[in-house]
Peer 1: 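Please find one structure pasted underneath; my questions will follow.
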Amino acid sequence: MHPHRTVGGQLSNDDLGVMQKIVSLCKRRGFLFQSSEIYGGMNGCWDYGPLGVELKRNVKEAWWADMVTHHDDISTPEGASEAFEMTGLDCSILMHPQVWKCSGHHDLFHDMMVDCKESKRRYRHDQVRGRWALRGDDRIFVTAVCEPDEEHEVLTARAQKYFGLRAKDRDQISWDGVVVSLESVSDFSEVFGPDAKEPGTLTEPREFNLMFKTHMGALLDEASVAYLRPETAQGIFVNFKNVVDSSRVRIPFGIAQIGKSFRNEITPRNFTFRVREFEQMEVEFFCHPDSSHHWYGYWRDRRMKWYQELGLSGDNLILREHDADELSHYSTGTADIEYAFPFLPKGEFGELEGIAHRGDFDLRSHMEGKLNPASRPLEVELGEDGKPVHRGSGKDLSYRDPVTNEKYIPHVIEPSAGADRAALAFLCEAYTEDMAPDENGKMQGRVVLKFHPRIAPIKAAVFPLVKKDGMPECAQEIYRDLKRDLPVFYDNKGAVGRRYRRMDEAGTPYCLTIDGQTLEDGTVTLRERDSMEQTRLPVDEAAQAIREAVRS
RNA sequence: GCGGGUGUAGCUUAGUGGUAAAGCACCAGCCUUCCAAGCUGGCUAUGUGGGUUCGAUUCCCAUCACCCGCUCCA
């Protein structure tokens, strides 16, 4: 999950300004607040206000409806080779610690890091490699972080630099032992850092724990350590057998889950884009290995279309296939759906969703023990004692096809979306400044959030044109009726034009205005947010038009 | 984690070692028959904690948060 630099670029003042305006609007209108603000805030945490919670709920509900509840499992969807089932799950955030060992998160997220006090660089402790170099009585552990094939050359150059030798005098350097990890060195004063000018600039290794650690039970000891999940996906994998055994689903099928996840990001940044507590919307789609490539393409295209249909239809949204060198060894394809957030420099995109072909890595890891992702074919990662580094569950997570009787471990396609990032992208895309006439016909600036009606926090507002002659009573009646199945808002304060503008800023797609004529013939004016056009029609038709727009 | 910047009302800004200013927004009322700015009145602020000082929003230190650049981002 990282902004992808396609064209290096600077953030223009314009973009900065737009983002600041969006952040400001979010606070002013109640979309997003800094977490714990009255106590000075909490780094990387944000709260959704009254409008924000509706927006995010709508994003999640649209996703759940489109992926699960509205999914047609009888006919073959467009672009798919056959019909398939979709089902849901809601796992606990706290899971058995072994889950994270076998998933790979434990090893990947527990890095010992060393910092260079001089170059201000930070290195993975185990990735800094070096060799003891000698010249006369002078002995130093020279280090480098580089590709293995250039290791000797780089280390020699570093040793030469340390000893202050010319290139032709390189043969004065002698080596003590082979190239080893920095982990084998205890006295860092004898270490010449990869980018340092003098020895002894590296700090003692410090643990970077990207998973949130907690304790199960009141007793705080090592045996009680548990982790807040860093992703929702593993809950699906460890429940694969439960779902198959309990729901009569047949492969191919998908399991969807929406839920909070936690990562101790080193640098939370960019509003709600990179945060420590976030919400994911993930599908694990299980299929036969022979058709996995087809399903990967299907999900990649389908997920792209989902964002487009909800309003991210322009050039700000891209689908980016990972290059071969970006792929995990076991993956035959990964694509990111990325959005050109205004806080990113021109030409850069931030990830909204990753669609990954994960092969059988996850299910096999939970069966056999953590697989070595670099092995091919995949093999269980073994420690120096020849035993698995992390033992699996030992449970059989393979699938027996009830028709062909074939038994196999399914392959998995994983479309993994960020709910907060999607909400933020919709917010950024919706933010528009245009001009609108005031009561004298003079053009004035207008701020409008052009949300798709489906995700707009408020679907419609109901206004009495003026606060007299029975209009409020009539409007309230209409309001109460609409409120039974639509999130609507009633307002009778001030000039009607001002009320329209307030609703524009909240992204409300429709306003119904009740005037004198309503009392006579039951018609209202329906005012559309983006065009500001007004149509007079019977109240039932107006309500129906709103419902249809919200359903579309 | 490093470096730079910022922090005054809900928002946008002003200003000062000695009573903190304004616009917008908001609230109450009046006026208003379709696109913000008519009238009257009202509410609300120096991120937090120390220090210097008779007195600190201003100067200093620390801390927190946000922004920018590194770093990190399975």
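All heavy atoms count here, side chains included; hydrogens, waters and symmetry mates do not. Throughout, protein chains are lettered first and strands after them, A, B, ... in sequence-line order, and every chain is numbered starting at 1.
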Peer 1: Look at the aromatic rings of A:Phe451 and A:Phe31 and report parallel, tilted or perpendicular, splitting at 30° and 60°.
Peer 2: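 Judged by the thresholds at 30° and 60°, the geometry between A:Phe451 and A:Phe31 is tilted.
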
Peer 1: Can you figure out which of B:A65, B:C72, B:G69 approaches the side chain of A:Arg274 most closely?
Peer 2: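 Shortest atom-to-atom distance from the side chain points to B:C72.
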
Peer 1: Rounded off to whole Å, could you give me the CZ-to-P distance for the A:Phe463 and B:C35 pair?
Peer 2: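 Taking CZ of A:Phe463 and P of B:C35, I get 13 Å after rounding.
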
Peer 1: Do A:Asp521 and A:Gln517 pair up side chain to side chain, a donor and an acceptor below 3.5 Å, judged on atom types alone?
Peer 2: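 Judged by distance alone, the side chains do pair up.
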
Peer 1: Using distance alone, with no hydrogens and no angle criterion, decide if A:Thr523 and A:Arg536 have a side-chain donor and acceptor under 3.5 Å apart.
Peer 2: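 Yes - a donor-acceptor pair under 3.5 Å links their side chains.
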
Peer 1: Regarding A:Gln280 and A:Ser261, is there a side-chain donor-to-acceptor distance under 3.5 Å anywhere?
Peer 2: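 There is such a pair (donor and acceptor under 3.5 Å, judged by atom type) between the side chains of A:Gln280 and A:Ser261.
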
Peer 1: From CG of A:Leu32 over to P of B:A65, roughly how many Å is that when rounded to an integer?
Peer 2: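 Taking atom P of B:A65 as the reference, CG of A:Leu32 is at 18 Å.
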
Peer 1: Please tell me if the side chains of A:Arg446 and A:Asp504 come closer than 4.5 Å, counting only heavy atoms from C-beta onward.
Peer 2: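 Sidechains of A:Asp504 and A:Arg446: in contact.
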
Peer 1: In whole angstrom, give the distance that lies between atom CZ of A:Phe273 and atom C1' of B:C66.
Peer 2: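 The answer, rounded to whole Å, is 17 Å.
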
Peer 1: Applying ring pair (Phe, Tyr, Trp, His ring centres under 6.0 Å), name anything that partners A:Phe192, two or more places apart in sequence or on another chain.
Peer 2: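 Scan of A:Phe192 (ring pair (Phe, Tyr, Trp, His ring centres under 6.0 Å), adjacent residues dropped) gives A:Tyr162.
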
Peer 1: For the residue pair A:His390 and A:His106, does the interplanar ring angle fall in the parallel (under 30°), tilted (30 to 60°) or perpendicular (over 60°) class?
Peer 2: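 The rings of A:His390 and A:His106 stand perpendicular, inter-plane angle above 60°.
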
Peer 1: Measure CZ/A:Phe341 against P/B:C68 and give the value in whole Å, please.
Peer 2: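 That distance rounds to 13 Å.
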
Peer 1: Counting only side-chain nitrogens and oxygens, does A:Asn264 get under 4.0 Å of the OP1 or OP2 atom of B:C73?
Peer 2: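 Looking at the OP1 and OP2 atoms of B:C73, neither is under 4.0 Å from any side-chain N or O of A:Asn264.
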
Peer 1: From the options B:C35, B:A28, B:G69, select the nucleotide whose nearest atom is closest to the side chain of A:Lys493.
Peer 2: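 Taking heavy atoms from C-beta onward, the closest nucleotide is B:A28.
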
Peer 1: Kindly write out the residues that satisfy ring pair (Phe, Tyr, Trp, His ring centres under 6.0 Å) with A:Phe285, not counting sequence neighbours, or none if the list is empty.
Peer 2: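 Checked A:Phe285 against ring pair (Phe, Tyr, Trp, His ring centres under 6.0 Å); matches are A:Phe84, A:Trp295, A:Trp299.
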
Peer 1: Using the C1' atom on both, measure B:C60 against B:C24 and round to a whole Å.
Peer 2: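 Straight-line distance between the two C1' atoms is 36 Å.
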
Peer 1: How would nucleotides 29-34 of chain B be written as a contact map, 5' to 3', with B for base contact, S for sugar-phosphate-only contact and - for no contact, using protein heavy atoms under 4.0 Å?
Peer 2: ---BBB

Peer 1: Base, sugar-phosphate, or nothing for A:Gly44, non-hydrogen atoms under 4.0 angstrom?
Peer 2: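 It contacts sugar-phosphate atoms only.
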
Peer 1: Using a cut-off of 4.0 Å on non-hydrogen atoms, how would the nucleic acid contact of A:Phe271 be classed: base, sugar-phosphate, or nothing?
Peer 2: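 Sugar-phosphate contact only - A:Phe271 comes under 4.0 Å of backbone atoms but never of a base.
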
Peer 1: When the C1' atoms of B:C43 and B:C26 are compared, how many Å lie between them, rounded to an integer?
Peer 2: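 These two C1' atoms come out 8 Å apart once rounded.
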
Peer 1: Using the C1' atom on both, measure B:C61 against B:G10 and round to a whole Å.
Peer 2: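 Their C1' atoms lie roughly 32 Å apart.
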
Peer 1: Sticking with atom P, work out how far B:C70 lies from B:U63, rounded to a whole angstrom.
Peer 2: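 Going atom to atom, P in each nucleotide, I get 25 Å.
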
Peer 1: Might you list the N or O atoms of the protein lying below 3.5 Å from N or O atoms in nucleotides 24-26 of chain B, with each pair's distance?
Peer 2:
residue, atom, partner, partner atom, Å
B:A25, OP1, A:Arg498, NH1, 2.8
B:C26, OP1, A:Arg502, NH1, 2.1

Peer 1: Do A:Asp362 and A:Ser365 have side-chain atoms, one donor and one acceptor, less than 3.5 Å apart?
Peer 2: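 Result is no, nothing qualifies.
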
Peer 1: Can you list the residues that meet the ring pair (Phe, Tyr, Trp, His ring centres under 6.0 Å) rule with A:Phe463, with sequence neighbours excluded?
Peer 2: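 A:Phe463 satisfies ring pair (Phe, Tyr, Trp, His ring centres under 6.0 Å) with A:Tyr500 once adjacent residues are dropped.
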
Peer 1: Measure from NZ or CZ of A:Arg300 to the centre of the six-membered ring of A:Tyr296, then state whether that distance is under 6.0 Å and the direction lies within 45° of the axis.
Peer 2: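 Pair A:Arg300/A:Tyr296 counts as cation-pi.
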
Peer 1: Give me the ring orientation class for A:Phe286 and A:Phe237: parallel if the planes are under 30° apart, tilted from 30 to 60°, perpendicular past 60°.
Peer 2: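 Judged by the thresholds at 30° and 60°, the geometry between A:Phe286 and A:Phe237 is perpendicular.
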
Peer 1: Determine the interatomic distance between P on B:A56 and the same-named atom on B:G47; round to the nearest Å.
Peer 2: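 Taking atom P in both B:A56 and B:G47, they lie 15 Å apart.
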
Peer 1: How close or far is atom P of B:C67 from atom NZ of A:Lys21, stated in whole angstroms?
Peer 2: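 Rounded to whole Å, this separation is 18 Å.
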
Peer 1: So what's the dot-bracket for RNA chain B: Watson-Crick or G-U pairs under 3.5 Å, [ ] if a pair crosses, | if it pairs off-strand?
Peer 2: (((((((..((((....[..)))).(((((.......)))))....(((((..]....))))))))))))....

Peer 1: Can you tell me if A:Asn43 touches the phosphate of B:C64, counting only side-chain N or O atoms and a distance under 4.0 Å to OP1 or OP2?
Peer 2: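 Checking B:C64 against A:Asn43, no side-chain N or O comes under 4.0 Å of OP1 or OP2.
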
Peer 1: May I have the distance from A:Gln20 (atom CD) to B:C67 (atom C1'), rounded to whole angstrom?
Peer 2: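 Spelled out: CD on A:Gln20 to C1' on B:C67 is 7 Å.
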
Peer 1: Between A:Gly41 and A:Pro437, which is nearer to the 5' end of RNA chain B once each is assigned its nearest nucleotide?
Peer 2: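 In this pair, the answer is A:Pro437.
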
Peer 1: Return the nearest nucleotide to the side chain of A:Thr267; candidates are B:G1, B:C35, B:C68.
Peer 2: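 Looking only at side-chain atoms, A:Thr267 lies closest to B:G1.
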
Peer 1: In whole Å, what separates the P atom of B:U6 from that of B:C59?
Peer 2: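 Per the computed distance, 11 Å lies between those P atoms.
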
Peer 1: Roughly, in whole Å, what's the span from CG in A:Leu210 to P in B:G1?
Peer 2: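 Taking CG of A:Leu210 and P of B:G1, I get 13 Å after rounding.
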
Peer 1: Measure the acute angle between the ring planes of A:Phe343 and A:Phe341, then classify it against the limits of 30° and 60° as parallel, tilted or perpendicular.
Peer 2: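 Parallel.
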
Peer 1: Quantified in whole Å, what is the P atom distance between nucleotide B:A62 and nucleotide B:G3?
Peer 2: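 So the two P atoms sit 11 Å from each other.
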
Peer 1: Starting at atom CG of A:Leu51, determine the distance to atom P of B:G10, rounded to an integer number of angstrom.
Peer 2: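 Rounding to the nearest Å, CG of A:Leu51 and P of B:G10 are 18 Å apart.
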
Peer 1: Using the P atom in both, what is the distance from B:U12 to B:U40, to the nearest Å?
Peer 2: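 Comparing P positions in B:U12 and B:U40 gives a spacing of 28 Å.
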
Peer 1: Counting distance only, does the side-chain N/O of A:Arg527 pair as donor-acceptor with the main-chain N or O of A:Thr513 below 3.5 Å?
Peer 2: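 Checking the backbone N and O of A:Thr513 against the side chain of A:Arg527, no donor-acceptor pair under 3.5 Å is found.
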
Peer 1: Using a distance-only criterion (donor-acceptor N/O pair, under 3.5 Å, no hydrogens), is the base of B:G69 paired with the side chain of A:Arg269?
Peer 2: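 Indeed there is one.
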
